[in-house]
Number of protein chains: 2
Amino acid sequence: MPRKKIIEAIRKKMDSPEVVSKLSRTFRVLGDPTRTKLIFALSKEELCVVEMSLLLGMSHSAISHQLRPLKDLDLIKCRKEGRKAFYRLNDEHIENLFNEGLKHVLERA
Amino acid sequence: MPRKKIIEAIRKKMDSPEVVSKLSRTFRVLGDPTRTKLIFALSKEELCVVEMSLLLGMSHSAISHQLRPLKDLDLIKCRKEGRKAFYRLNDEHIENLFNEGLKHVLERA
DNA sequence: GCTATATATGAACAACTGTTCACATGTTAA
DNA sequence: TTAACATGTGAACAGTTGTTCATATATAGC
């Protein structure tokens, strides 16, 4: 099979621009230290904004701003209880993805 | 177990700043559409720079610039053959990580 | 009602990122 | 050696991103 055919075959297999875009946005949203820490924390325990703020030593506003893209991309979900908003990972899928990345890094530490 | 103790426990479990940093850089490097496409293509076939350039319709320079961070973070490896440089994914671990992300996105499309 | 608490959001600014351009390095073929 | 090819790299510029600050919304307790 000639190289040009191989390249053409890959091009056909490549997912739609929408899928590629959402996939890269999903990885990028995980690719900020603050959000990486938030995902790590939420993989251990459901937490509200104040608790995450205390944990990371950052302002409520900064945490709230960072939670939004995580929620927009369905990585986390929110549960309101009175005036508090508790966040947790959306599903085990996210936890698996995160842990795969963590294993990759730890194997090469 | 009081909430403050829970937060403290998470803080102790949280990996070192170096691990968090490398983990977030690993996700971030996957979080660019060009690099997402490169990883997808390399998960299908070993490719040289010209071939990736043709596949994505981008300059050799742009491809070469994007390959470096992928290599720096051990996501891909390089094999020189004459004047060509063939790239492929570093290990199945990367492919698993990438496919987990892809599945997450496709499930919600 | 009022006050404190918890979260969300828009604007603004510094810091970072990706592509292009120009050029450099190194290999193959004649 | 020369010319063409394949890749790598530094500078520069536009575009994007994350935090801070100020403010808004909403709930709880008095």
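The chains referred to below are lettered A, B, ... by the order of the sequence lines, with proteins before strands, and numbering in each begins at 1. The basis for the numbers below is simple: all heavy atoms, side chains too, and nothing from hydrogens, waters or symmetry mates.
The pair B/R108-A/D91 counts as a salt bridge, with a side-chain nitrogen and a carboxylate oxygen less than 4.0 angstrom apart. Between B/K5 and B/E8 there is no salt bridge, since none of the side-chain N atoms of the basic residue sits less than 4.0 Å from a carboxylate O of the acidic one.
Overall bending of the helix from C/dG1-D/dC30 to C/dA30-D/dT1, expressed as the angle between end axes built from five pairs apiece, is 30° (10° steps).
In this structure, B/F86 reaches neither bases nor backbone, as no heavy-atom distance under 4.0 Å exists between it and the strands shown. Across all strands, B/S59 comes closer than 4.0 Å only to sugar-phosphate atoms, never to a base (heavy-atom distances).
Within the 4.0 Å cut-off from OP1 or OP2 of D/dA6, not a single side-chain nitrogen or oxygen of B/Y87 is found.
With rounding to the nearest 0.5 angstrom, the CZ atom of B/R28 is 9.5 Å from the CG atom of B/L73. The CG atom of B/L75 sits 13.0 Å away from the CD atom of B/E95 when rounded to the nearest 0.5 Å. With rounding to the nearest 0.5 Å, the separation of OG1 in B/T26 from NE2 in A/H104 is 5.0 Å.
Side-chain atoms of B/S61 come within donor-acceptor range of the base of D/dT9, with a qualifying N/O pair under 3.5 Å.
Between B/F27 and A/F27, the ring planes lie parallel to each other; the angle is under 30°, not in the 30° to 60° tilted range.
Going from atom CZ of A/R68 over to atom C1' of C/dA8 covers 8 Å, rounded to whole Å.
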Any protein N or O atoms within reach of nucleotides 25-28 of chain D? Criterion: under 3.5 Å, listing atom names and distances.
none

Could you walk me through whether A/K13 and B/E45 pass the salt bridge (Lys or Arg N to Asp or Glu O under 4.0 Å) test, one step at a time?
CA-CA 12 Å; A/K13 278 182 209 161; B/E45 183 79 22; over 6 Å; no

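Proximity of residues 19-47 of chain B to DNA chain D (heavy atom under 4.0 angstrom from any strand atom) is not detected for any residue.
When the options B/R79, B/K77, B/K84 are evaluated for a salt bridge (Lys or Arg N to Asp or Glu O under 4.0 Å) with B/E46, the one that passes is B/R79.
Under the stacking definition used here (centres under 5.5 Å, planes under 30°), the residue B/H65 qualifies as stacked on the base of D/dT9.
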